[in-house]
K.L.:
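My questions all concern the structure below.
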Amino acid sequence: MSCGRDGDLGGPTEKCGVVGASLAGRDAARPLYYSLYALQHRGQESAGIVTHDGFQQHDHVSMGLVGDAFTEADIDGLKGSAGIGHVRYPTAGSVDKSCAQPFTVSFKSGSLALSHNGNLVNSDEIRDELAGKGHAFTSDGDTEVIAHDLARNLLEEDLVRAVKRTMNRIHGSYSLAIMHDETVLGVRDPEGNRPLVIGEVEDGYVIASESSAIDTIDGELVRDVRPGELVVLRPDGEGYDTYQLVERDRPAHCFFEHVYFARPDSVIDDNLVYEVRRELGRKLWKESGIESDVVMPVPDSGRAFASGYAEAAQEDGSNVEFAEGLMKNRYVGRTFIMPTQDERERAVRLKLNPIKSTVEGRTVTIIDDSIVRGTTSTQLVRLLKDCGAEEVHMRIGAPPIIAPCYMGINMATREELIASDKSVEEIREAISADSLAYLSKEAIADALSVSQSDLCLGCVTGEYPYDIDDEETDRDVTRPVIDGASD
């Protein structure tokens with residue numbers, strides 16, 4: 001499903017959010033429910049929870065936002081102190097309940113439930129192999145492929161070995177929350193592309209896509225799940241065990257988590273997202289700062305960038321004023337539901353309204369996290385000039401997006417990406433800005449205190465950390481040959 005977004009107004013859409021919990025003496029459903037609320041920004045299409053009471057599995061999965069997907073009765077019916085949950089935005093699979101998660105499987109070795117954040121590169125190959133061996137699939141999503149492969153391996157191996165065999169077969173981006181009977185597991189892919197953290201609550205342990213979900217249930221962040229690591233939460237909240245199942249020479253953390261997707265109050269790979277974004281804003285000023293009367297963010301994603309940008313500018317003696325000059329209407333639906341280009345353009349005026357006194361007769365710098373199609377940026381520049389801005393300069397807290405994402409972000413195609421075939425100057429002309437500058441890849445890596453080679457930069461370089469058909473790689477990597485599992 002394609003969408004398109006510039007800033008916060010309609011294009012790469014969030015992926016999914018996963019959570020799992022093993023508690024002592026109380027049902028896990030309500031803490032899972034609150035955690036999903038904290039992860040709602042990662043998916044608005046469907047929500048679900050599966051629990052296990054020691055005897056049987058209970059599940060409730062529904063389309064829509066978390067608050068609409070569950071009633072009080074639904075939560076009360078999810079018995080058991082262990083469970084997993086999921087919020088979904090579809091990046092692989094249909095937009096219907098058949099692809100909503102957690103996905104459940106019952107087989108002779110017990111019950112299995114699985115929540116997935118990410119996207120597999122070789123799911124079709126594994127699906128074809130398993131279908132040839134008699135596995136019946138009910139959806140076209142890659143999560144069901146993982147579930148069936150793991151279920152098959154559990155018939156022959158213990159839990160840890162079964163997970164390792166599946167990890168050696170699937171290729172792509174994934175953070176998984178899994179429940180086998182009443183045992184909850186967390187798995188992060190060997191490149192660590194998608195985030196996953198461990199948290200501790202008073203009566204047990206949790207895993208979640210972001211630490212903000214742990215904060216919501218009064219827990220404490222323990223640490224990130226390491227790339228290629230399996231975390232097994234012990235029943236009744238008694239602790240957890242970890243197994244380093246797969247190791248790689250270097251990770252491929254998604255830089256866009258820090259730029260846009262994650263909540264500012266989350267800690268991912270030891271970095272507080274809010275502070276990373278402020279630092280990116282500071283670097284944006286150092287690299288391409290321009291004197292103007294006012295700097296303002298495109299809400300909400302540009303706010304921390306603009307704050308850091310303005311702070312760095314003022315430290316250098318600039319008189320630029322930081323202002324919230326664009327007011328957001330929070331009651332308008334996300335623009336990816338707008339079916340036509342004309343409606344997407346009109347949606348900008350529905351969502352954002354400039355404060356005239358902040359803009360009129362002044363030079364303005366607006367800060368956003370990205371430009372995808374260019375539609376929203378064009379509309380914003382026009383909106384501010386119609387409101388009396390003398391000049392409108394645009395600064396972007398990420399490099400130009402020139403290629404699609406295959407790792408679980410619903411990004412526009414190359415044909416739709418304005419930077420795929422246009423220079424920065426050509427984009428500036430297209431959006432009618434007085435100037436335009438992007439942040440460099442070097443600044444991104446420096447703000448995260450990592451090497452560029454340890455990041456997934458595929459959408460801004462066109463080189464990926466996975467073996468993807470017809471695409472270049474940024475490392476020596478080959479997808480598994482699917483002719484049977486091997487250790």
K.L.:
Considering all heavy atoms of both residues, which atom of Ser173 and which atom of Asp189 are nearest to each other, and what is their separation?
P.N.:
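Looking at all heavy atoms of both residues, the closest pair is CA-OD2, 3.5 Å.
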K.L.:
Please check this pair: side chain of Arg395 against backbone of Ser288, looking for a donor-acceptor N/O pair closer than 3.5 Å.
P.N.:
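Confirmed, Arg395 side chain pairs with Ser288 backbone.
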K.L.:
For the pair Arg234 and Ser22, evaluate side-chain contact (heavy atoms from CB on, under 4.5 Å) and give the outcome as yes or no after the intermediate values.
P.N.:
CA-CA 7 Å; Arg234 297 174 194 160; Ser22 181; 5.9 Å; no
K.L.:
Looking at Glu220, I want to see if its CD is surrounded by more than 12 non-hydrogen atoms of other residues, nucleotides or ligands under 6.0 Å.
P.N.:
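Counting neighbours around CD of Glu220, 12 or fewer heavy atoms of other residues, nucleotides or ligands fall under 6.0 Å, so no.
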K.L.:
Check the pair Thr242 / Leu230 against side-chain contact (heavy atoms from CB on, under 4.5 Å), numbers first and verdict last.
P.N.:
CA-CA 6 Å; Thr242 68; Leu230 164 66; over 6 Å; no
K.L.:
Nearest 0.5 Å, please: how far is OG in Ser377 from CD1 in Ile371?
P.N.:
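Spacing of CD1 (Ile371) from OG (Ser377) equals 4.0 Å.
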K.L.:
Kindly indicate whether the side chain of Leu185, heavy atoms from C-beta on, has any atom under 4.5 Å from the side chain of Leu159.
P.N.:
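Contact flag for Leu185/Leu159 side chains = yes.
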K.L.:
Looking at side-chain heavy atoms only, is the closest gap between His393 and Ile366 below 4.5 Å?
P.N.:
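Side-chain contact under 4.5 Å: no.
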K.L.:
Has the side chain of Glu463 got a donor or acceptor atom that lies under 3.5 Å from a matching backbone atom of Cys456?
P.N.:
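A pair under 3.5 Å: no.
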K.L.:
Determine the minimum heavy-atom distance between Pro465 and Asp474, stating which atoms define it.
P.N.:
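Of all heavy-atom pairs spanning Pro465 and Asp474, the closest is CA-OD1, 3.4 Å.
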K.L.:
Would you say the side chain of Val259 lies within less than 4.5 Å of the side chain of Leu280, judging by non-hydrogen atoms?
P.N.:
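Counting from C-beta outward, Leu280 and Val259 do come under 4.5 Å.
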K.L.:
Checking Phe305 against Ile396 for the side-chain contact (heavy atoms from CB on, under 4.5 Å) test, could you report, in this order, the C-alpha distance in whole Å, the side-chain angles of both residues, the deciding distance, and whether it holds?
P.N.:
CA-CA 9 Å; Phe305 293 97; Ile396 305 299; over 6 Å; no
K.L.:
Using modelled atom types and a 3.5 Å cut-off, is there a donor and acceptor pairing between side-chain atoms of His180 and backbone atoms of Ser109?
P.N.:
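Flag set: sc His180 to bb Ser109 pair under 3.5 Å.
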K.L.:
For Glu229 and Arg223: C-alpha separation, side-chain torsions, deciding distance, then whether salt bridge (Lys or Arg N to Asp or Glu O under 4.0 Å) applies.
P.N.:
CA-CA 12 Å; Glu229 184 179 33; Arg223 64 172 175 85; 2.9 Å; yes
K.L.:
Taking NZ, NE, NH1 and NH2 as the nitrogens, is one of them in Glu429 or Lys422 under 4.0 Å from a carboxylate oxygen of the other?
P.N.:
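Lys422 and Glu429: not salt-bridged.
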K.L.:
Do Tyr174 and Val187 make a side-chain contact, defined as non-hydrogen atoms from C-beta onward lying under 4.5 Å apart?
P.N.:
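The answer is yes, as the side chains (C-beta and beyond) meet within the 4.5 Å cut-off.
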K.L.:
Could you tell me which non-hydrogen atom of Gln452 sits nearest to which non-hydrogen atom of Ala445, and how far apart they are?
P.N.:
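What the structure gives for the nearest pair is CG-CB, 3.7 Å.
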K.L.:
Would you call Arg169 and Glu129 a salt bridge, using N to O less than 4.0 angstrom?
P.N.:
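Glu129 and Arg169: salt-bridged.
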K.L.:
Just say parallel, tilted or perpendicular for the rings of His148 and His135, cut-offs at 30° and 60°.
P.N.:
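Plane angle over 60°, so perpendicular.
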K.L.:
Hey, does Asp224 have a side-chain heavy atom less than 4.5 Å from the side chain of Leu196?
P.N.:
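The answer is no; the side chains never approach within 4.5 Å.
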K.L.:
Could you verify whether a donor N or O on one side chain and an acceptor N or O on the other, from Thr104 and Asp59, lie under 3.5 Å apart?
P.N.:
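There is no such pair between these side chains.
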K.L.:
Can you tell me how far the CZ atom of Arg194 sits from the SG atom of Cys254, to the nearest 0.5 Å?
P.N.:
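Answer for the CZ-SG pair, Arg194 versus Cys254, is 4.5 Å.
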K.L.:
Would you say the side chain of Arg188 lies within less than 4.5 Å of the side chain of Arg226, judging by non-hydrogen atoms?
P.N.:
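Answer no - side chains too far apart.
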K.L.:
Is a donor from one side chain sitting under 3.5 angstrom from an acceptor on the other, for Glu210 and His41?
P.N.:
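Short answer, yes.
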K.L.:
Take Leu436 and Ile427, measure what side-chain contact (heavy atoms from CB on, under 4.5 Å) needs, and give me the verdict at the end.
P.N.:
CA-CA 8 Å; Leu436 168 67; Ile427 298 170; 3.6 Å; yes
K.L.:
For the residue pair Ser111 / Asp181, report whether a side-chain donor-acceptor contact shorter than 3.5 Å exists.
P.N.:
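Distance-only check passes for Asp181 and Ser111.
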K.L.:
Side chains of Ser123 and Asp142 only: does a donor on one sit below 3.5 Å from an acceptor on the other?
P.N.:
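No, no side-chain donor-acceptor pair sits under 3.5 Å.
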K.L.:
For Arg479 and Asp467, indicate whether the former's side chain and the latter's backbone hold a donor-acceptor pair under 3.5 Å.
P.N.:
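Yes, the answer is positive, given that a donor and an acceptor are paired below the 3.5 Å cut-off.
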K.L.:
Pairing donors with acceptors under 3.5 angstrom, does anything connect the side chains of Ser453 and Arg475?
P.N.:
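No - no donor-acceptor pair under 3.5 Å links their side chains.
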K.L.:
Please check this pair: side chain of Ser115 against backbone of Gly85, looking for a donor-acceptor N/O pair closer than 3.5 Å.
P.N.:
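Looks like yes, one N/O pair under 3.5 Å.
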K.L.:
When you measure from the side chain of Asp446 to the backbone N and O of Ile444, does any donor-acceptor pair fall under 3.5 Å?
P.N.:
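Absent.
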K.L.:
Any side-chain donor paired with an acceptor under 3.5 Å for Ser307 and Arg278?
P.N.:
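The answer is yes; a qualifying pair exists.
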K.L.:
Could you grab the distance from atom CG of Leu32 to atom CD1 of Ile84, nearest 0.5 Å is fine?
P.N.:
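CD1 of Ile84 is found 9.0 Å from CG of Leu32.
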K.L.:
Any chance you could lay out the salt bridge (Lys or Arg N to Asp or Glu O under 4.0 Å) test for Glu471 and Arg414, step after step, and finish with the verdict?
P.N.:
CA-CA 12 Å; Glu471 297 289 0; Arg414 272 188 175 85; 2.8 Å; yes
K.L.:
Taking side chain as C-beta onward, heavy atoms only, is Ile198 less than 4.5 Å from Val206?
P.N.:
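Side chain of Ile198 against side chain of Val206, heavy atoms only: no contact under 4.5 Å found.
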K.L.:
Between CZ of Arg42 and CZ of Arg263, what distance do you get to the nearest 0.5 Å?
P.N.:
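Answer for the CZ-CZ pair, Arg42 versus Arg263, is 11.5 Å.
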K.L.:
Will you find, in the side chains of Glu257 and His253, an N or O donor that is under 3.5 Å from an N or O acceptor?
P.N.:
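Not at all, the side chains of Glu257 and His253 share no donor-acceptor pair under 3.5 Å.
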K.L.:
Any donor-acceptor pair under 3.5 Å linking the side-chain atoms of Gln101 with those of Thr143?
P.N.:
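Note: Thr143 and Gln101 side chains meet the donor-acceptor criterion.
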K.L.:
Are Glu287 and Tyr438 close enough that a side-chain donor and a side-chain acceptor fall under 3.5 Å?
P.N.:
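Absent: no donor and acceptor within the cut-off.
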K.L.:
For Thr473, enumerate each residue passing the side chain to side chain donor-acceptor pair (under 3.5 Å) test, keeping only those at least two apart in sequence or located in another chain.
P.N.:
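Here no residue qualifies.
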K.L.:
Examine distances only and state if a side-chain atom of Glu416 and a backbone atom of Ile418 form a donor-acceptor pair shorter than 3.5 Å.
P.N.:
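It does not hold such a pair.
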K.L.:
Looking only at heavy atoms, which two atoms of Ile207 and Gly186 are closest? And how far apart?
P.N.:
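Here Ile207 and Gly186 meet closest at CD1-CA, 3.4 Å.
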K.L.:
Tell me whether the count of non-hydrogen atoms from other residues, nucleotides or ligands lying under 6.0 Å of CG in Asp421 goes above 12.
P.N.:
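It does: Asp421 CG has more than 12 such atoms within range.
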K.L.:
Nearest 0.5 Å, please: how far is CZ in Phe103 from OG1 in Thr138?
P.N.:
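Between Thr138 OG1 and Phe103 CZ, I get 4.0 Å after rounding to 0.5 Å.
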K.L.:
Between Ser301 (side chain) and Tyr260 (backbone), is there a donor-acceptor pair under 3.5 Å?
P.N.:
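Side chain of Ser301 to backbone of Tyr260: no pair is present.
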K.L.:
Quick one: do the Asn122 and Tyr466 side chains pair a donor with an acceptor below 3.5 Å?
P.N.:
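The criterion, which ignores hydrogens and geometry beyond distance, is not satisfied for Tyr466 and Asn122.
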K.L.:
Could you tell me the separation between the CG atom of Leu233 and the CE atom of Met179, rounded to the nearest 0.5 Å?
P.N.:
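Going from the CG atom of Leu233 to the CE atom of Met179 covers 11.5 Å.
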K.L.:
Please tell me whether Thr166 and Asn153 have a donor and an acceptor in their side chains that are separated by less than 3.5 angstrom.
P.N.:
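Yes, because at least one side-chain N or O of Thr166 sits under 3.5 Å from a partner of the opposite role on Asn153.
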K.L.:
So, Gln379 versus Thr376: side-chain donor-acceptor pair below 3.5 Å or not?
P.N.:
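No - no donor-acceptor pair under 3.5 Å links their side chains.
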K.L.:
Taking all atoms of both residues into account, what is the closest heavy-atom pair of Lys328 and Pro299, and its distance?
P.N.:
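Heavy atoms of Lys328 and Pro299 come nearest at CB-CG, 4.0 Å.
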K.L.:
Inspect the surroundings of CG in Asp158 and state if more than 12 heavy atoms from other residues, nucleotides or ligands are less than 6.0 Å away.
P.N.:
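Yes, enclosed.
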K.L.:
Within a strict 4.5 Å, meaning less than it, do heavy atoms of the Val222 and Val197 side chains meet?
P.N.:
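Not in contact.
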K.L.:
Taking Ile49's backbone N and O only, do any of them form a donor-acceptor pair with His86's side chain (distance below 3.5 Å, no angle check)?
P.N.:
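No; judged by distance alone, with no hydrogens or angles, the pair does not exist.
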K.L.:
Does CD belonging to Glu426 count more than 12 external heavy atoms closer than 6.0 Å?
P.N.:
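For Glu426, atom CD is crowded (more than 12 foreign heavy atoms under 6.0 Å).
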K.L.:
Counting only N and O atoms by type, is there a donor-acceptor contact under 3.5 Å from the side chain of Arg127 to the main-chain atoms of Gly141?
P.N.:
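The answer is yes, because a donor-acceptor pair under 3.5 Å joins these two groups.
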K.L.:
Which pair of non-hydrogen atoms, one from Lys108 and one from Leu155, has the smallest distance, and what is that distance?
P.N.:
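In this case the closest contact between Lys108 and Leu155 is CG-CD2, 3.6 Å.
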